[in-house]
Amino acid sequence: MNDRLTPESEIFRALADPTRRLLLERLSASEHNATELRDGLSISQPAISQHIAVLRGAGLIEEEKQGRQIRYRIRPEGLSPVMDWLTRYRAFWPARVDKLKALLKEMDQ
């Protein structure tokens, strides 16, 4: 088996953690440095750095060095692999829901 995760798997793994989802939400409003991202959270600076590394590795955020600071922002195309993955299954669900509705209606009678 291949040990390398697919892009979708990397993204899902990154988003599985609530702290990383919070960081991503903060970045959706505007770019921040690591200290700003950590504000109000009870986690260490090294832990924030690890979360940032996972988000960067999944392609969800990017960084830009501005003088001595590194600013982070969302990579808009970062969720594209997940959107593509979901699109493949989109046609599957309406048919299943229709079958479920029919079954429930049949059971109701």
Side-chain angles (χ1 to χ4, degrees):
M1 188 170 115
N2 186 354
D3 288 343
R4 179 75 178 129
L5 295 175
T6 63
E8 303 90 24
S9 296
E10 292 274 354
I11 293 168
F12 285 129
R13 183 178 70 88
L15 296 176
D17 184 276
T19 300
R20 289 193 284 268
R21 289 193 306 270
L22 176 64
L23 296 180
L24 204 58
E25 188 162 325
R26 287 181 177 186
L27 290 170
S28 71
S30 64
E31 62 180 48
H32 296 281
N33 65 33
T35 302
E36 293 166 342
L37 285 172
R38 188 175 145 235
D39 282 349
L41 300 176
S42 58
I43 60 176
S44 68
Q45 191 66 39
I48 283 291
S49 296
Q50 289 176 343
H51 286 300
I52 288 170
V54 171
L55 291 169
R56 281 184 47 237
L60 295 171
I61 65 173
E62 59 190 8
E63 65 182 38
E64 179 182 343
K65 191 164 184 163
Q66 294 178 351
R68 292 177 49 193
Q69 278 194 351
I70 297 176
R71 306 288 294 172
Y72 299 96
R73 66 176 158 264
I74 286 193
R75 251 185 94 239
E77 65 278 7
L79 286 173
S80 292
V82 170
M83 296 305 293
D84 295 343
W85 183 85
L86 287 171
T87 299
R88 290 194 300 263
Y89 295 97
R90 188 175 189 178
F92 172 80
W93 292 109
R96 294 290 182 173
V97 170
D98 289 344
K99 286 181 182 180
L100 177 61
K101 284 180 185 176
L103 176 63
L104 291 173
K105 187 174 183 179
E106 188 178 301
M107 291 172 64
D108 223 13
Q109 295 176 353

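Everything numeric here is computed off the predicted structure, so don't read it as measured data.
Taking the side chain as every heavy atom from C-beta outward, Arg71 and Glu36 approach each other to under 4.5 Å. A heavy-atom distance below 4.5 Å is found between the side chains of Glu31 and Gln66. Proximity of His51 to Leu41: side-chain heavy atoms (C-beta onward) are nowhere separated by under 4.5 Å. Counting heavy atoms from C-beta on, the side chains of Leu60 and Glu10 never come closer than 4.5 Å. Residues Ile70 and Ile52 are not in side-chain contact: their nearest non-hydrogen atoms beyond the backbone lie 4.5 Å or more apart. Residues Leu15 and Arg20 fail the side-chain proximity criterion, which asks for heavy atoms closer than 4.5 Å.
Of all non-hydrogen atoms in Gln69 and Asn33, the two that sit nearest each other are NE2-ND2, 3.0 Å. Across all non-hydrogen atoms, the minimal contact from Leu27 to His32 is CD2-N, 3.7 Å.
At a threshold of 4.5 Å between side-chain heavy atoms, the hydrophobic network of Ile, Leu, Val, Met, Phe, Trp and Tyr places Ile74 and Ile48 in one connected group. Tyr72 and Leu55 fall within the same hydrophobic cluster, where Ile, Leu, Val, Met, Phe, Trp and Tyr residues are linked whenever their side-chain heavy atoms come under 4.5 Å apart, directly or through other members. Taken together through direct or relayed side-chain contacts under 4.5 Å among Ile, Leu, Val, Met, Phe, Trp and Tyr, Ile43 and Ile61 form part of one hydrophobic cluster. Leu23 and Leu79 fall within the same hydrophobic cluster, where Ile, Leu, Val, Met, Phe, Trp and Tyr residues are linked whenever their side-chain heavy atoms come under 4.5 Å apart, directly or through other members.
Rounding to the nearest 0.5 angstrom, the gap separating the CZ atom in Arg38 from the OG1 atom in Thr19 is 12.5 Å. Rounding to the nearest 0.5 Å places CG of Leu103 at 10.5 Å from CG of Asp108.
Arg75 places a side-chain N or O within donor-acceptor distance of the main-chain N or O of Gly59, the cut-off being under 3.5 Å. The backbone N or O of Ala16 sits less than 3.5 Å from a side-chain atom of Arg21, completing a donor-acceptor pair.
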Original post:
Can you check salt bridge (Lys or Arg N to Asp or Glu O under 4.0 Å) on Glu106 and Lys99, steps first, answer last?
Top reply: CA-CA 10 Å; Glu106 188 178 301; Lys99 286 181 182 180; over 6 Å; no

**OP:** Step by step, work out the side chain to side chain contact (heavy atoms under 4.5 Å, CB included) result for Asp84 and Glu8.
**Re:** CA-CA 9 Å; Asp84 295 343; Glu8 303 90 24; 5.8 Å; no

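Shown here are the side chain to side chain donor-acceptor pair (under 3.5 Å) partners of Glu63, two or more places apart in sequence or in another chain: Arg56.
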